[in-house]
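Order of listing sets the numbers, starting from 1, for every ligand and every atom in it.
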Amino acid sequence: MQQAFAKARQLAVSGAVVAMALAAIGSAEALEIKSSDVHAMGYPTTDAIQFMGEWLEEQTDGELSISIYHSMQLGGEKEALEQVQLGALEMTRVSVGVVGPIVDDFNAFNLPYVFRSIDHMRNVVDGEIGQELLARLEAGELIGLGFMDAGARSFYNKEKPIRTPEDLQGLKIRVMQNPIFIDMMSEMGGSGMPIAFNELYTAMQTGVVDGAENNPPSYSTQKHYEVAGYYSLTEHLIVPEIFVFSKRVWDTLSEEHQNLIREASVLATEKERELWEAMEAKAMAELQELGVQINDDVDKDAFIEATAPVREKFGAQYAELLERIEAVD
Ligand code: GTR
C-alpha cells in the first residue's frame, strides 16, 4: 500500500515537472507584442492594430497577441521609434514624417506635393518602391511591416484662412519632428517649429505657435479646432503612416511567427484604409457642424510653385527615387 502511494506521488511530481516544462516552452514562444500609437483607441490606426492582434491571437491560439499603448502613453513618436530600435518596445505605428531621420530615403515621401493624389501615394507605397524602402529599415534596426493611409495634411491656425503662401507670413506653425518640414515652412513663407504631437494643443493655446498642419481626423480628434479654428485645405503633404517591428525582437521569433505577423500586417493595412475613409468623412462633417471655418478657396498652384525649391534642394539627393515616384501611375 505504502509502495503504491510512493509510486503515485512520484508520478504526480513528474507530471507536475512535465507540465512546468511544457509551460516554460510555451512561454518562451508566447509573445505579447507591445505596440504604441499617439492616437486613442477608435482611431483607424489603433483599431487596425487591434484587429491585427485579434487575428494573430486566433491563428496562434494566443501565443502571439498585441497590447496597444495608445494616446501617447509612451510619449511621442520619436521616442517610440527609439524604444523599438532598442527592443524595449516590440512595435509602433508612426507617421512616415518622423522616419526620414532614420532612413533618409523616406524623406522623398515627406516632400510637399510629391504625390499627385492619395491613389498615387498608395500605388507607390504598395508597389516596388514601398517594399524597397520598408526593407531598408533593417539598417536602422527596424522591420518595416507596412503602410497605412493618413489622407492629406492642411494648415490650421487661430488667426485667419490661408489662401496663398503669403497668408502664412509671420505665422509660427508646428511641424513634425524632422528638419525637412522646417525648410518646407520657410519656403512657404511661415516659420516651422518642431513640437511633439502631445504638446501641440498647449503650444497653440499658450501662443508658442499660431497653428499647425494635419489631416481632418487628427485635427478633429485632438480638438485642435478649439484653439485654432481656421482650417484651410492646402493638402500640401500626403504622408502615409507606417508600422514597424523591433529587429532585435524579430530575430528571436520563429519563422512561422514572422510569417504570420507579415500576413497580419497586410490585413491591418487593408483594415486601416477601410476605417480611414469613413473616419475622414466623419471628421469633416463634425468640423462643419462645430462651426469650424473650413476654407477650400486655396490657390494650390501657388503653393506648388512656392515649394519647388524644397523639392529641388532635396531633389538632387533623391533624384532617382523621385523620378521613379513620378513615373508611377
Ligand atoms: C498624424 C499622424 C500621427 C502624428 C501626427 C503629428 O496625422 O497620424 O502619427 O504623426 O499626425 O503630426 O505628429
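- Near ligand 1, heavy-atom contacts under 4.0 Å come from V38, H39, E77, R93, S95, R153, R174, M176, F197, N214, N215, S218, E241.
- The aromatic ring centroids of F197 and H39 lie less than 6.0 Å from each other.
- The stretch residues 51-110 participates, sequence neighbours left out, in these ring-ring contact (aromatic ring centres under 6.0 Å, His included) pairs: F109-F115.
- Residue pairs satisfying the ring-ring contact (aromatic ring centres under 6.0 Å, His included) criterion with at least one member in residues 250-304, sequence neighbours excluded, are listed as follows: F245-W250.
- In terms of modelled atom types and a separation under 3.5 Å, the side chain of T46 and the main chain of A40 share a donor-acceptor contact.
- When all heavy atoms of E280 and P216 are compared, the pair lying nearest together is OE2-CD, 4.2 Å.
- Every residue was checked against the side chain to side chain donor-acceptor pair (under 3.5 Å) condition with N157, not counting sequence neighbours, and none meets it.
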